[in-house]
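A short worksheet on the structure shown next.
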Amino acid sequence: MEWEGRGAGGVAGGPAAGPGRSPGESALLDGWLQRGVGRGAGGGEAGACRPPVRQDPDSGPDYEALPAGATVTTHMVAGAVAGILEHCVMYPIDCVKTRMQSLQPDPAARYRNVLEALWRIIRTEGLWRPMRGLNVTATGAGPAHALYFACYEKLKKTLSDVIHPGGNSHIANGAAGCVATLLHDAAMNPAEVVKQRMQMYNSPYHRVTDCVRAVWQNEGAGAFYRSYTTQLTMNVPFQAIHFMTYEFLQEHFNPQRRYNPSSHVLSGACAGAVAAAATTPLDVCKTLLNTQESLALNSHITGHITGMASAFRTVYQVGGVTAYFRGVQARVIYQIPSTAIAWSVYEFFKYLITKRQEEWRAGK
């Protein structure tokens, strides 16, 4: 079919059937014009030929598509902001989780649920006690999440193009999440060690520098990575489940992959809850390795607990099978809003930064 004479008004001839044009061709042209394929001079829409498109009031906000051309720098900046905000907002619950995972807690630190624990900590130890160690966590979370999201986005696209060209591959999502975890945990593990030691009941550390100095002098630099293998053993399956669940839910709630905050929040929350519940036993072992809880050590072994096998054995000796699920309630409660915040903030800043970059390039 010949297309000629495009003027400011749109496509020459309009949608009506004319000489030499079959009814089928007219219907096809009309469909194209309604979808906005025909464009007039200067890049405008097809003028008066295009009927107004009504927005269904029940269809929700008409969000713009997520940008496909986001750069690595964009992913890193958006990831860093998301990671810092996520950890800062959820830090009091994280403090409660650490204490509830204690194998042999002090009688004054036995809690029935998350809210009771938070109330008692504030009432007996001060308003700011649940926030002790926040500064080192925020310092570690920025670079850790920058590497995390940048690596994930790059590998997800690369692997998806190989495994399922032009589509979404759950295997690629899971594999990308696992590799991204290696970088995230390498940057975050020292901060985790310091944070959890400062969160414990009757912790002797009031400042981050005091804790870092004491660990370095008494246990050596290796203490900051004593739980790294266990952290990976926990976080690799956690992130595989997390990313695969998130991308799976996005296919159902947001198949057009538009910027839709409600779908990012819901998918992130569900993905975090599923992954958190499934990996709680590993998180209990990680907490034991990080804190080297003195009562557990005095009960059964001498020296430091090293390695996941030793941690699993100690947890079972002290509390039996149920000890592997200590703090599961706090962990799930923590992860639901945590991952919801992380994904919604990340997608928002990725969208915002890329749109600003596109507008800046267009205005040059």
Side-chain angles (χ1 to χ4, degrees), residues 63-87 139-189 191 228 231-251 253-261 263-265 267-268 271-272 275 338-361:
Y63 295 110
E64 295 189 52
L66 282 167
T71 64
V72 172
T73 303
T74 298
H75 293 146
M76 294 186 76
V77 172
V81 174
I84 292 172
L85 185 59
E86 167 203 348
H87 282 279
T139 302
H145 280 73
L147 293 171
Y148 174 68
F149 278 107
C151 178
Y152 171 71
E153 293 281 8
K154 178 65 176 177
L155 283 177
K156 180 182 74 170
K157 184 179 186 307
T158 302
L159 294 175
S160 291
D161 289 344
V162 173
I163 298 172
H164 189 189
N168 180 43
S169 168
H170 294 304
I171 296 176
N173 298 334
C178 291
V179 176
T181 301
L182 299 176
L183 298 178
H184 171 275
D185 288 0
M188 194 67 187
N189 209 88
Y228 183 58
Q231 184 104 335
L232 290 178
T233 306
M234 177 189 72
N235 281 347
V236 165
F238 175 92
Q239 298 301 349
I241 296 170
H242 170 207
F243 281 114
M244 291 172 70
T245 304
Y246 178 82
E247 297 289 354
F248 173 79
L249 292 174
Q250 280 290 286
E251 286 183 351
F253 297 143
N254 189 16
Q256 286 79 33
R257 295 303 176 111
R258 294 180 175 274
Y259 174 62
N260 187 334
S263 76
H264 301 316
V265 170
S267 299
S338 176
T339 48
I341 291 170
W343 276 111
S344 57
V345 172
Y346 171 70
E347 297 287 10
F348 170 74
F349 275 93
K350 183 174 73 171
Y351 169 79
L352 181 66
I353 293 170
T354 304
K355 291 293 288 184
R356 292 292 179 267
Q357 289 174 338
E358 289 175 352
E359 290 172 1
W360 180 76
R361 283 194 290 263

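Just so you know, these numbers come straight off a predicted model, no measurement behind them. Values reported hereafter were calculated over all heavy atoms of this structure, with side chains retained and with hydrogens, waters and symmetry mates removed.
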Spacing of NZ belonging to Lys156 relative to CZ belonging to Phe243, to within rounding of 0.5 Å = 8.5 Å
How long is the span from the CD1 atom in Ile353 to the CZ atom in Phe348, to the nearest 0.5 Å?
-> 9.5 Å
For residues Leu232 and Thr181, report the shortest heavy-atom separation together with the two atoms involved.
-> CD2-O, 4.1 Å
Contacts of Thr233 meeting side chain to side chain contact (heavy atoms under 4.5 Å, CB included) (sequence neighbours excluded), chain-then-number -> Leu282, Met308
Are Glu359 and Arg356 within salt-bridge range, i.e. N to O under 4.0 Å?
-> yes
Just wondering, are more than 12 heavy atoms of other shown residues or ligands nearer than 6.0 Å to CD1 in Ile171?
-> no
Any donor and acceptor pair, going by atom type alone, linking the side chain of His242 with main-chain N or O of Phe238 inside 3.5 Å?
-> no
Minimal heavy-atom distance between Val236 and Cys178, with the atoms involved, is CG1-SG, 3.5 Å
Here the pair of heavy atoms bringing Met76 nearest to Ala150 is CG-CB, 3.5 Å
Residues Glu347 and Arg257 bridged, charged N to O under 4.0 Å = no
Trp343 and Tyr346 aromatic ring geometry - parallel, tilted or perpendicular at 30°/60° bounds | perpendicular
Could you go step by step and tell me if Leu159 and Ser169 meet the side chain to side chain contact (heavy atoms under 4.5 Å, CB included) rule?
-> CA-CA 8 Å; Leu159 294 175; Ser169 168; over 6 Å; no
Taken to the nearest 0.5 Å, the spacing of His264 NE2 from Ile341 CD1 works out to 15.0 Å
Among all residues two or more places apart in sequence or in another chain, which pass the side-chain hydrogen bond (donor to acceptor under 3.5 Å, both in side chains) test with Gln231?
-> none
Supply the atom-to-atom distance Leu249 CG to Glu251 CD, rounded to the nearest 0.5 angstrom.
-> 9.5 Å
Any side-chain donor-acceptor pair under 3.5 Å between Gln239 and Tyr152?
-> no
Check for a donor-acceptor pair, side chain of Thr74 on one end and backbone N or O of Lys350 on the other, with a separation under 3.5 Å.
-> no
Kindly assign one of parallel, tilted or perpendicular to the pair His145 and His87, based on the angle between their ring planes and the thresholds 30° and 60°.
-> perpendicular
To the nearest 0.5 Å, tell me how far Asn189 CG sits from His184 NE2.
-> 10.0 Å
Search all heavy atoms of Gly268 against all heavy atoms of Thr339 and return the closest pair with its distance.
-> O-OG1, 2.6 Å
Which heavy-atom pair separates Leu155 from Ala176 by the least distance, and what is that distance?
-> CB-CB, 3.7 Å
Taking atom types as modelled, is there a side-chain donor on Asn235 or Asp185 under 3.5 Å from an acceptor on the other?
-> yes
